[in-house]
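Any value given below was found using the heavy atoms of this structure, including those in side chains, with hydrogens, waters and symmetry copies removed. All residue numbers refer to positions in the sequence shown, counting from 1.
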Amino acid sequence: MGEAPAFCNENLQKEFPNGNTLKSKSSETAILIGDKTYVIGGSDGEPTSLGVRIFDKSTAQWVHPVVLGTKPRACKGHSAVLLNEDRILIIKKGASSDDCIWFLELDTQYVRDQKTKRGGNTEVVAWSKGVRGNAEKPIVISGPSGVGKGTLISKLMEEYPSMFGFSVSHTTRAPRNMEKDGVHYHFTEKSVMEKEIKDGKFLEHASVHGNLYGTSIEAVEVVADEGKRCILDIDVQGAKSVRKSPLEAIFIFIRPPSMEVLEKRLRSRGTETEEQILKRLKNAKAELDEGISSGLFDHILYNDKLEECYQRLKELLGLDGSVDTAPKPVCRGIDLPVDHSVSKADNKIYIDCGTLEVKKASNKLIVLDVSCLKGGAPGRTRGLDLYAIGSFSDGLKEVR
Ligand SMILES: Nc1nc2c(ncn2[C@@H]2O[C@H](COP(=O)(O)OP(=O)(O)O)[C@@H](O)[C@H]2O)c(=O)[nH]1
Ligand SMILES: Nc1ncnc2c1ncn2[C@@H]1O[C@H](COP(=O)(O)OP(=O)(O)O)[C@@H](O)[C@H]1O
């Protein structure tokens with residue numbers, strides 16, 4: 001039997017009937033939803049880690065939930081605001097500009113799925129970092145071994161280095177001569193990769209030609225964080241899994257002119273043993289059947305003459321010459337002073353920075369628009385819009 005936290009008394013609950021932030025000690029916030037009070041923060045002293053515990057009034061018990069996703073680093077304090085009853089917005093105080101907006105998901109689809117996986121009775125919450133702006137749809141490229149996926153992707157990244165970024169997969173296969181760990185693949189031990197898959201760190205994974213391959217959630221997110229469009233080179237099973245995932249992508253299948261040409265290319269690459277070549281050719285037949293006839297792919301490209309195929313790839317990606325190839329500004333966070341106050345109206349969060357010692361430096365009201373959130377745990381939450389307006393006394397001038 002637990003004891004209700006002092007700040008969960010009836011008076012405070014009446015004062016904040018909509019589940020808004022209940023202040024306790026400066027390092028903790030509490031959000032009330034039905035019978036449950038989510039208490040965030042906890043360890044005293046500086047900086048404070050953002051632990052999560054739940055007080056259930058109906059049983060008068062403290063519950064320590066399973067906490068998924070990437071956890072935020074400790075901070076000097078935080079504000080918490082409930083959004084749509086399914087997630088809590090956390091604004092960290094004194095955090096770096098790309099680390100101050102976080103979401104603690106309580107009842108999103110991802111959290112519900114994870115609860116179901118654990119039998120339905122376990123409390124589960126999940127962290128997701130908030131990021132400004134949106135990422136362009138990733139591009140999934142599939143096709144049999146030796147068809148030219150890597151060659152086409154290299155050409156694209158060479159010609160448009162600031163537009164595209166490669167999703168670096170994990171694999172248990174051995175590196176080839178020129179391959180670098182962390183660049184071509186994250187070369188991994190099978191047991192390590194299996195543990196990480198179990199921990200929910202992968203968007204998809206598959207056993208291909210006798211080895212384990214997988215795309216980590218982080219591999220896709222880091223490319224989007226750089227303001228680039230992510231390219232995934234994955235097999236047909238992986239493409240199927242991504243189709244079922246919340247990641248919206250464009251799916252392209254590369255096919256060879258014939259099996260004979262495919263074999264010639266594989267052999268001329270000279271990177272596989274005879275046994276591996278035979279295994280890849282055998283798998284190629286099934287991959288071709290599925291790639292061409294399953295309807296899984298948005299586009300099928302025929303890679304006969306490399307230059308022609310590359311031009312068609314560029315066309316379907318809208319790279320027709322008039323495209324703006326200038327690097328996109330990287331979506332950074334926000335510089336928030338340690339002391340600020342937070343309030344909410346509709347889908348807008350008002351962060352008043354015109355208080356205390358920062359009054360002169362930043363006489364501003366910052367608006368965080370959370371009406372178009374995308375993604376979420378176990379990856380980042382994108383689509384945040386953020387702009388400053390003059391303080392109320394200045395007459396609300398927008399300075400986006
Ligand atoms: N499902 C999945 N397949 C992958 C991933 N990374 C690479 N692959 C696929 O694994 C297969 C073998 O890749 P690799 O060993 O590099 O050989 P290559 O395709 O002959 O160059 C190819 O079909 C890749 O598209 C991944 O993260 N997930
Ligand atoms: N259109 C093409 N014509 C001739 N050779 C090609 C063509 N596309 C790729 N190649 C060659 O075929 C081999 C396999 O290509 P690669 O890009 O490694 O395939 P994948 O990544 O699909 O396994 C490489 O030696 C590459 O230079």
Side-chain angles (χ1 to χ4, degrees), residues 137-157 164 166-174 176 179 184-185 202-215 219-220 229-245 247-317 319:
K137 273 188 189 174
I139 303 153
V140 171
I141 299 192
S142 286
S145 184
V147 74
K149 302 179 297 297
T151 308
L152 288 162
I153 292 169
S154 298
K155 278 174 81 67
L156 202 58
M157 305 236 313
F164 298 100
F166 188 60
S167 157
V168 181
S169 293
H170 283 60
T171 182
T172 59
R173 88 146 158 76
R176 292 176 189 147
E179 286 180 333
H184 298 94
Y185 281 104
F202 281 78
L203 179 68
E204 62 77 32
H205 60 91
S207 172
V208 192
H209 316 317
N211 285 300
L212 194 53
Y213 291 80
T215 310
V220 176
R229 192 165 184 188
C230 186
I231 303 179
L232 290 81
D233 173 348
I234 59 177
D235 85 319
V236 175
Q237 306 169 71
K240 263 189 194 164
S241 304
V242 175
R243 262 279 190 227
K244 286 189 209 139
S245 82
L247 189 77
E248 281 179 51
I250 292 181
F251 294 77
I252 301 172
F253 187 77
I254 315 287
R255 62 178 293 188
S258 66
M259 284 304 286
E260 290 70 35
V261 171
L262 184 69
E263 180 167 356
K264 220 170 124 199
R265 284 185 195 166
L266 248 187
R267 289 188 185 284
S268 68
R269 192 171 69 185
T271 50
E272 267 74 32
T273 62
E274 181 62 21
E275 190 195 348
Q276 285 164 345
I277 289 175
L278 294 178
K279 192 181 263 182
R280 281 160 191 262
L281 286 173
K282 187 169 162 263
N283 292 342
K285 290 203 179 71
E287 284 179 286
L288 277 170
D289 283 349
E290 187 146 27
I292 294 165
S293 59
S294 63
L296 177 65
F297 292 92
D298 302 310
H299 306 278
I300 296 178
L301 283 183
Y302 192 66
N303 184 18
D304 185 1
K305 301 230 170 7
L306 181 62
E307 213 39 55
E308 283 175 19
C309 183
Y310 180 57
Q311 288 310 321
R312 284 199 306 280
L313 174 64
K314 280 175 39 175
E315 270 164 38
L316 69 88
L317 295 177
L319 303 166

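In this structure, the side chains of Pro138 and Leu232 come closer than 4.5 Å at one or more pairs of heavy atoms. A 4.5 Å side-chain heavy-atom check between Phe297 and Ile292 finds every atom pair outside the cut-off. Side chains of Ile153 and Thr151 form no contact here, defined as non-hydrogen atoms less than 4.5 Å apart. Inter-residue side-chain proximity for Pro144 and Ile254 is flagged as unmet; no heavy-atom pair is nearer than 4.5 Å. Between Tyr310 and Asn303 there is no side-chain heavy-atom pair separated by less than 4.5 Å. Ile252 has its side chain out of reach of Val140: every pair of non-hydrogen atoms, C-beta onward, lies at least 4.5 Å apart. Looking only at side-chain heavy atoms (C-beta outward), Glu287 and Gln237 stay at 4.5 Å or farther from each other. Taking 4.5 Å as the limit, some side-chain heavy atom of Leu306 sits within range of a side-chain heavy atom of Lys155.
Under a 4.0 Å N-O distance rule, the pair Lys279/Glu275 does not qualify as a salt bridge. The residues Glu272 and Arg176 are annotated as salt-bridged, a charged nitrogen and a carboxylate oxygen being separated by less than 4.0 angstrom. Comment: Glu204 does not engage Lys240 in a salt bridge, judged by the lack of any side-chain N to carboxylate O separation of less than 4.0 angstrom. Salt-bridge formation is detected for the pair Arg243/Asp298: a Lys NZ or Arg NE/NH1/NH2 atom is positioned less than 4.0 Å from an Asp or Glu carboxylate oxygen.
Here the side chain of Ser207 pairs no donor or acceptor atom with the backbone of Gly210 at under 3.5 angstrom. At distances below 3.5 Å, at least one donor-acceptor pair connects side-chain atoms of Gln276 with backbone N or O atoms of Thr273.
The CD1 atom of Ile300 lies 12.0 Å from the CZ atom of Arg312; values are rounded to the nearest 0.5 Å. Rounded to the nearest 0.5 Å, atoms CG (Leu301) and CD1 (Ile141) are 8.0 Å apart. Arg255 CZ to Tyr302 OH: the interatomic distance, rounded to the nearest 0.5 Å, is 6.5 Å. Note that CZ of Phe166 is 11.5 Å distant from CG of Leu156, once rounded to the nearest 0.5 Å. Rounding to the nearest 0.5 Å places CG of Leu296 at 7.5 Å from OG of Ser142. With rounding to the nearest 0.5 Å, the separation of CG in Asp233 from OG in Ser169 is 7.0 Å.
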Stepwise salt bridge (charged side-chain N to carboxylate O under 4.0 Å, His left out) check, Glu274 with Arg267: CA-CA 9 Å; Glu274 181 62 21; Arg267 289 188 185 284; 2.7 Å; yes

Could you please spell out the steps behind the side chain to side chain contact (heavy atoms under 4.5 Å, CB included) verdict for Glu260 and Glu263? CA-CA 5 Å; Glu260 290 70 35; Glu263 180 167 356; 5.8 Å; no

Just do the side chain to side chain contact (heavy atoms under 4.5 Å, CB included) check on Leu266 and Arg280 with the steps written out, would you? CA-CA 9 Å; Leu266 248 187; Arg280 281 160 191 262; 3.9 Å; yes

Please report the C-alpha distance between Phe202 and His170 in whole Å, then the side-chain angles of each, then the deciding distance to 0.1 Å, and finally whether the ring pair (Phe, Tyr, Trp, His ring centres under 6.0 Å) criterion is met. CA-CA 9 Å; Phe202 281 78; His170 283 60; 5.0 Å; yes

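In plain terms, the two heavy atoms of Gly238 and Ile234 that are nearest each other are C-CD1, 3.5 Å. For the pair Leu247 and Leu203, the tightest heavy-atom approach, listed with the atom from each and the gap, is CD2-CD2, 3.7 Å. For the pair Met259 and Leu281, the tightest heavy-atom approach, listed with the atom from each and the gap, is CE-O, 3.7 Å. The nearest pair of heavy atoms linking Arg229 to Lys137 is NE-O, 2.7 Å. Of all the heavy atoms in Leu262 and Val147, the pair that sits closest is CD1-N, 3.6 Å. Looking at every heavy atom in both residues, Lys149 comes nearest to Gly143 through NZ-O, 3.0 Å.
A cation-pi arrangement is not found for Arg173 relative to Tyr213, the charged atom failing to lie both closer than 6.0 Å to the ring centre and inside a 45° cone about the ring normal.
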